[in-house]
Structures are given as structure tokens and as C-alpha cells.
Chemist: 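Below is one structure. I have some questions about it.
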2 protein chains.
Amino acid sequence: MTDTKTRVMDSAERLFAERGFAATSLRDITADAGVNLAAVNYHFGTKEALLSAVFDRRFGPINQERLELLDAAECRAEGAALDLEEILRFFLLPPFAKMQEWGDAGPNFIRLVGRAHSDTNEQTRASFLRPFEGIVSRYEVALRRALPNLDRAELRWRLHFVIGAMAHTMAWCQMMKTPGRRRGAPPEIVQEALVRFVSAGMRAPASDRGGETS
Amino acid sequence: MTDTKTRVMDSAERLFAERGFAATSLRDITADAGVNLAAVNYHFGTKEALLSAVFDRRFGPINQERLELLDAAECRAEGAALDLEEILRFFLLPPFAKMQEWGDAGPNFIRLVGRAHSDTNEQTRASFLRPFEGIVSRYEVALRRALPNLDRAELRWRLHFVIGAMAHTMAWCQMMKTPGRRRGAPPEIVQEALVRFVSAGMRAPASDRGGETS
DNA sequence: GTCTATATGCGGATAGAC
DNA sequence: GTCTATCCGCATATAGAC
């Protein structure tokens, strides 16, 4: 039996992902976790603080891996521009890699993050979107070096589309096959398909003025 | 002064898009609309029925246009396969075209739909996702004809990524410039960028086994 | 740290006058 | 069709015993 705090976070993670934050009551969570209602306020203070705790526990590690992979590769490259597909791989794959590391609890969090990407609430933005935007800026610089002929605004929009494809895949990650399920492709197949798709999208011929070719 | 029913739907549309369904109370809506609380139950019955009404009002026309554009083009082609980019244009552009037709109220609904794409609630699925899935199946057939060498499962996933890129762009459509705003690109620019991006993604070289080249 | 009990307010929905 | 007033349950959060 794991400890109360962890049990609450696990249940919250799953229920927030399935029903959304506002539609999930603390009673739903504590009933699911098999703990007392008052334990939530004792351990976390408020419902919003619980949401932040749920994000912080797993989103930090994902983003740290994103940064470390990029840093390490840039260090190895000694000033040369990185390969486009490599950069996209570093950006896209950590969520799915961690999902598999985390076992049964992984998909819950990944779904939650997938949905959070289209969330405009101020509470979600604070604990989720703000740190993510730092990552995006960092990758935007790397991508600009890999695609030096692509118009800056166009690159920003394409990065936006990359995030959309990734977020949607995360939100519906239950469509991927895990060892126990019948339907759906294994995560590795989907990940590779995603990388191929967005790599080609980033390299698309540009509009009439200002061209990127290869 | 427009009629009460319309005012309620307009406010609901905006607030559902901004805060989400569960986080928006009927009191928020009626206060924003400047109508009496009881009017909601008189005109719509329940809060869920109001949500359905909000979807039905605008999502039907969008999907009808998607179908009509595809039908008309297939009719003109007289049995020949359509061009990939043309198909994607028919699928992707109606939401944005309608958004601009609808003026100030347009972006609210488009954001709502963008968020709904990653919603797994049963209530949202019923009034939104089910009809959409019919459209997707129809387009999947057309795409398979345009990309006959692409593996079927791979095509499904790529269509999934297309939807993700589109949904994310819809959810953040306030980033596009409308006549009165300073920042952001005009919608036409973004739409074209999206079409170019996903067209290239769909045509990406396939994995080792089973290839699609041009 | 964990429980019971409860304060306090907001939620959707309705009754019934006009 | 529109209003006021209200029912009633559920929400978050807390007090205080153990």
C-alpha cells in the first residue's frame, strides 16, 4: 500500500485526465483513492494546489529530458547545426518514453498534458503552459538553425502545428497498444510515424516569397 | 436587441470556450447575456442540452460544407483520384472560413471546437465527436485514393496528426490577426501554412516496409 | 496524520405569479 | 415568455477530537 499523498495524486491524475479538472470533485478523488476527504486539504491545501502538484511531479522530468537531449547534442555538434529530424525527436519523444517508463499510470498523465495544451484557463497556464513555453523557445532557436532559409513567422506556425499533432496524439494515447490490449499500434510505431510526419511538414516548400527547399 | 435564446447561446459559446463546460455556471451565462436565469431552462431544458444546441447551431454547417466540397470535386473528377492538397483543403478550411463569416462570434465557437477535439467526456462525444467521425471516415476514403501506396494504418495515424494540427490551431485561433488587432498573422496566411505543412506530412516517405514516394 | 462532523456557499433545476 | 423565490444537493474547505 503506497502512501496517502501518492494515492491521492494518482487518482487525481487519472480523473482529471478523464473528466477534466472542474468536473472532478475532491470526493471523486478520495473515494477512488480510498482515503479520507480531509486528507486532500491536509496534504495539498486546495484543489488547485493538488493540480499543480500533479503537474509538477511528472512534467518537470519530461521537460528536463527535452533540454538535456538538446544540450548534449549541441555540445557534441561543436557549433554545427543539428539535423532537423533529430531535434524533433528530442522534442517529441520524451513524453512517450516517460509514459512507458511509468507503467499503468503513464497514460493518465500523458492524456492530461495532451488536453492541457488546448486549455486557456489561467490556473492551467500558470502551472503548465508557462514552463512549457520556455522549452518551445529553446527549440525554436535550434530549429531556426536547422532551417535557416525558412521564414521566421512560418517556422513559428509550423512549430505550432507540430505541437498540435503531438498534443492530440498524447490526448488520445489510449489508442496506442500496450502489452495487454488488442487494438492499436505499439507506441514505437506511432512515435516514428509522428516524427516522419512533422519532419516532412517542417521541410515543406514555403510560400511564394521566401523559400526553404531542403 | 437580439432575442433571448440567441443571446444565451452566444454567451454560452464564449464562456464554454474560455473556461470549459463544467467550470461555467448557468448564472455566469445568464449574467453575461443579460437575461433571467430561468430563461435557460425554459428555452433549453438542461445545461447539457444548451451545450448541444451551441454545437448544433454552427458545427452542422461546417461539416456540411466539408462534405459538399468533397462531393462536388469527386463529381467533377469523374472517377479520377483527387489531388491530395485539394482534399486537405476541403477538410481543413471550412472551420476558418465560417469563423470569418461569423464575425466576432466566430472565434468563440472555433476555440470551443478546437478544445472539444481532445475532450473525452461522454457528453461532448455524443453531440460533437460522433458526427465528426463520420466526416473523418469519408475523408479517409478519399485520401486513400490519393495516396494508394501508403500503408493503411500509417494513413490513419497521419490523418490523426492532421486533425491535431488543425484542432490546436482552432483552439488558439485568437493568435490570428483579425482586422482590429495588432499581433499575429492574418487567417489566410495561417491557413495556407497549415495546408502546406500537412500536405507535406501526408506525403512523407514511409517507414522501411511499404512505401509511398510521391 | 487521520478521522467525524460541519460551516458556508454555489450549483442546476423548478414552482408558480404575472 | 419572463420574472421572483426557493428547493435541495453537492462543492470546497475547516474545526477539532483522536
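Naming: A, B, ... by sequence-line order, numbering from 1 per chain.
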Chemist: Answer yes or no on whether A/Arg66 is positioned over the face of A/Phe91, meaning its NZ or CZ is under 6.0 Å from the six-membered ring centre and within 45° of the axis.
Modeler: yes
Chemist: Can you check the B/Asn41 CG to D/dC7 C1' distance for me, whole Å?
Modeler: 13 Å
Chemist: Just checking, is any N or O donor in the side chain of A/Thr120 or A/Arg125 under 3.5 Å from an acceptor N or O on the other one?
Modeler: no
Chemist: So, A/Arg58 and A/Glu101, do they make that salt bridge, N to O below 4.0 Å?
Modeler: no
Chemist: B/Arg27 has an atom CZ; how far is it from atom P of D/dA11, in whole Å?
Modeler: 16 Å
Chemist: Please state whether the rings of A/Phe132 and A/His117 are parallel, tilted or perpendicular, taking 30° and 60° as the class boundaries.
Modeler: perpendicular
Chemist: Are A/His168 and B/His160 close enough that their ring centres sit under 6.0 Å apart?
Modeler: yes
Chemist: Among residues 30-38 of chain A, which residues get a heavy atom nearer than 4.0 Å to DNA chain D?
Modeler: A/Leu37, A/Ala38
Chemist: For A/Thr46 and B/Thr4, find the nucleotide of DNA chain D closest to each by heavy atoms; which residue's nucleotide sits nearer the 5' end?
Modeler: B/Thr4
Chemist: We want to know whether A/Gln100 and A/Glu188 form a side-chain donor-acceptor pair, criterion being a heavy-atom distance below 3.5 angstrom.
Modeler: yes
Chemist: If a pair satisfies salt bridge (charged side-chain N to carboxylate O under 4.0 Å, His left out) and one of its residues is in residues 30-55 of chain A, list it, with sequence neighbours excluded.
Modeler: A/Arg14-A/Asp32
Chemist: From the 5' end of DNA chain C to its 3' end, which nucleotides mark the outer limits of contact with chain B, defined by a 4.0 Å heavy-atom distance cut-off (strictly under)?
Modeler: C/dG11 to C/dT14
Chemist: Evaluate the side-chain proximity of B/Asp56 to B/Leu51: yes if any heavy-atom separation is below 4.5 Å, no if none is.
Modeler: no
